[in-house]
K.L.:
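Handing you this structure, nothing more for now.
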Amino acid sequence: MRRLARLKRIVLTSILLTTTSAYGSDHVPLDAKSSDPNVMGWMQGFPPSDEKLITQPDSNYFSFPKLRWSVCHLREFLPTREISRGLGNALPLNYLPESDLDDMAQKINSLSFTPLNSDLSMTWEESLFANYTDGILVIHEGRVVYERYFGCLDEYGQHAAMSMTKSVTGLLAEILIANGELDEQMRVKEIVPEIAGSAFANATVRQVMDMTTGVAFSEDYADPNAAIWTYSRAASPLPKAKEYKGPNGYWEYLQTVQVEGKHGEYFHYKTINSDMLGWIISKVAKRSVTELTSELLWQPMGAEQSAYQTVDGKGVAFAGGGISAGLRDLGRLGLLVLNEGAINAKQVFPSHVVQSIKKGGDRAKFTNAFPTLPGASYKSQWWVFHNEHNAFAARGVHGQTIYIDPTANMVLVRFASHPKAKNGYIDPTSLPAYHALAKLLIANKGDSDTL
């Protein structure tokens, strides 16, 4: 029975894609090169040998180092809904000429920076392996200047975006607000009457968007009684046990959430806000979040691949972390946001959508829960750094990011499979690298203009 319970916890954790590290702080995991899925031999052979199988539900497929393969194969483990790219032609990305692209890659790889809280410098290329990078794309002044793939990912593949999904959900909400379809000051219960008995009932849409709701929810995976486990059991698309009496699906769970604190008082990063927001925008638009993402983003931005999004047992998409997509398509999404809704000389959504996000949230409400992000804020499910370049980002566990630097006119997309989930372990060798790259690109703008 204990083993069965443990396996259930493993499966439920992986469903939410917000797992903590499988190792304690004193454990040194395999490095990026040794844990490369191609080196490990996961799922290789016809058929693979038993020791190289990664399966569901009898395997911890989202533990390290298996996660380094699984992040590119989620729809082999969980049901999904398509985010269709439509039938139109993909929007080609502009690249530097091949020889210049190689020269730029060498320049970027040798870029040196100092990680946070360190006296030792590190090169850009060293940081890619330190952060278990699976794919990275850099667009500067509208042109791809750097693109690399590792491990499970290549240009044809798709990778779990994790909580970057939240930023897509937040962007959809901002678009609906700009289009006059959603009022950010309405109470949630006015839009979703099913939520009348929940702590979300009297929160405003804006408070849900900015995660300043006063709702009880613990994401402490070390606590077997934490709310995350109840949420996980509800969200599981696997058949429920006969004796199961809890909520079925994301939306049923949201109806049970209790009050904790006051709405609007502080920012608390709680995934249930994103799923509440997904329900809100689905109600208002009368379409699922996957349909909205396709209609408002993927098709008009000229995506080259359809994406997909995991769902619960009732087919409700996981608005807080379920998207998997191609690296270049998230580059297109980043360009769309960088250019305030415009791409390929076409205005996809009003510019004030992004202007609202870039302003950030109330920094006084951000508290000190994220020591690697001093002075930051959270707005519409985007992280706003308030640094000298006014950078902001979509972020997800294990190292996912769309980092947008308006001052450098730069979009950086990274997929990764770091052994530890929390970005606090990854930021010290990521954020300084991004900023150093932005400054390098600004300094070399004159050179790149002639390439």
K.L.:
Side chains of N409 and E141 only: does a donor on one sit below 3.5 Å from an acceptor on the other?
P.N.:
yes

K.L.:
Report the C-alpha distance between V144 and L96 in whole Å, list the side-chain angles of each, state the deciding distance to 0.1 Å, and finish with yes or no for side chain to side chain contact (heavy atoms under 4.5 Å, CB included).
P.N.:
CA-CA 6 Å; V144 175; L96 290 178; over 6 Å; no

K.L.:
We want to know whether Q158 and Y156 form a side-chain donor-acceptor pair, criterion being a heavy-atom distance below 3.5 angstrom.
P.N.:
no

K.L.:
Does any donor atom in the side chain of S84 or E82 lie under 3.5 Å from an acceptor atom in the other side chain?
P.N.:
no

K.L.:
Work out which heavy atom in C72 is nearest to a heavy atom in L153; give both atom names and the distance.
P.N.:
SG-N, 3.9 Å

K.L.:
When rounded to the nearest 0.5 angstrom, what distance separates CZ in R81 from OG in S288?
P.N.:
4.0 Å

K.L.:
When you compare the side chain of T290 with that of T80, does any pair of heavy atoms fall below 4.5 Å?
P.N.:
no

K.L.:
In Å, rounded to the nearest 0.5 Å, how long is the span from CG of L171 to CZ of F349?
P.N.:
4.5 Å

K.L.:
What's the separation between atom CD1 in I426 and atom CZ in R395, rounded to the nearest 0.5 Å?
P.N.:
8.5 Å

K.L.:
Establish, for the pair K66 and Y61, whether the NZ or CZ atom is under 6.0 angstrom from the six-membered ring centre and no further than 45 degrees off its axis.
P.N.:
no

K.L.:
Set out, in order, the CA-CA distance, both residues' side-chain angles and the distance that settles side chain to side chain contact (heavy atoms under 4.5 Å, CB included) for I175 and E181, then state yes or no.
P.N.:
CA-CA 9 Å; I175 293 172; E181 298 178 64; over 6 Å; no

K.L.:
Where is the tightest heavy-atom contact between W229 and N225, given as atom of each residue plus distance?
P.N.:
CD1-N, 4.4 Å

K.L.:
Can a side-chain donor-acceptor contact be found between T429 and N131 if the only test is distance below 3.5 angstrom?
P.N.:
yes

K.L.:
Check the angle between the aromatic planes of F366 and F370 and answer parallel, tilted or perpendicular using the 30° and 60° thresholds.
P.N.:
tilted

K.L.:
List the atom of A227, the atom of F217, and the distance in Å for their closest heavy-atom pair.
P.N.:
CB-CD1, 3.7 Å

K.L.:
With a 4.0 Å cut-off on N to O distance, would you call E194 and K283 a salt bridge?
P.N.:
yes

K.L.:
Could you walk me through whether Y95 and R143 pass the side chain to side chain contact (heavy atoms under 4.5 Å, CB included) test, one step at a time?
P.N.:
CA-CA 5 Å; Y95 282 76; R143 294 190 292 183; over 6 Å; no

K.L.:
Do the ring centers of W383 and Y403 come within less than 6.0 Å of each other?
P.N.:
no

K.L.:
Taking the side chain as C-beta and beyond, is there a heavy-atom pair between I272 and Y253 under 4.5 Å?
P.N.:
yes

K.L.:
Can you tell me how far NE2 of H140 sits from CG of L441, rounded to the nearest 0.5 angstrom?
P.N.:
4.5 Å

K.L.:
What residues, two or more places apart in sequence or in another chain, satisfy side-chain contact (heavy atoms from CB on, under 4.5 Å) together with S112?
P.N.:
S121

K.L.:
Side chains of M122 and T114: does their closest heavy-atom pair fall under 4.5 Å?
P.N.:
no

K.L.:
For the rings on F62 and F77, is their centre-to-centre separation under 6.0 Å?
P.N.:
no

K.L.:
Let's go through S49 and E51 carefully: what are the C-alpha distance in whole Å and the side-chain angles of both, what is the deciding distance for side chain to side chain donor-acceptor pair (under 3.5 Å) to 0.1 Å, and is it a yes or a no?
P.N.:
CA-CA 6 Å; S49 59; E51 67 272 14; 3.2 Å; yes

K.L.:
Heavy-atom distance under 4.5 Å between the side chains of V311 and F318, does that happen here?
P.N.:
no

K.L.:
Examine the side chains of Q309 and T165 and answer whether a donor and an acceptor come within less than 3.5 Å of each other.
P.N.:
no

K.L.:
Considering only NZ, NE, NH1 and NH2 on the basic side and carboxylate oxygens on the acidic side, decide whether R328 and E304 come within less than 4.0 Å.
P.N.:
yes

K.L.:
Sequence neighbours excluded, which residues qualify as side-chain contact (heavy atoms from CB on, under 4.5 Å) partners of A369?
P.N.:
T367

K.L.:
Could R148 and E155 be called an ion pair, given the rule that one side-chain N must be under 4.0 Å from one carboxylate O?
P.N.:
no

K.L.:
Under 3.5 Å, is there a donor-acceptor pair linking the side chains of S430 and D427?
P.N.:
no

K.L.:
Salt bridge between D134 and R414, side-chain N to carboxylate O under 4.0 Å?
P.N.:
no

K.L.:
With no hydrogens and no angle check, do the side chains of Q299 and S294 hold a donor and an acceptor under 3.5 Å apart?
P.N.:
yes

K.L.:
Do the side chains of D102 and K107 get close enough for a salt bridge, i.e. N-O under 4.0 angstrom?
P.N.:
no

K.L.:
Check the pair F64, Y132 against ring pair (Phe, Tyr, Trp, His ring centres under 6.0 Å), reporting the backbone distance first and the verdict last.
P.N.:
CA-CA 11 Å; F64 183 85; Y132 295 77; 5.7 Å; yes

K.L.:
Any side-chain donor-acceptor pair under 3.5 Å between Y269 and K166?
P.N.:
yes

K.L.:
Centroid separation under 6.0 Å, is that true for the rings of F150 and F129?
P.N.:
yes

K.L.:
When you compare the side chain of K240 with that of N248, does any pair of heavy atoms fall below 4.5 Å?
P.N.:
yes

K.L.:
Are side-chain heavy atoms of I54 and S70 found at a separation under 4.5 Å?
P.N.:
yes

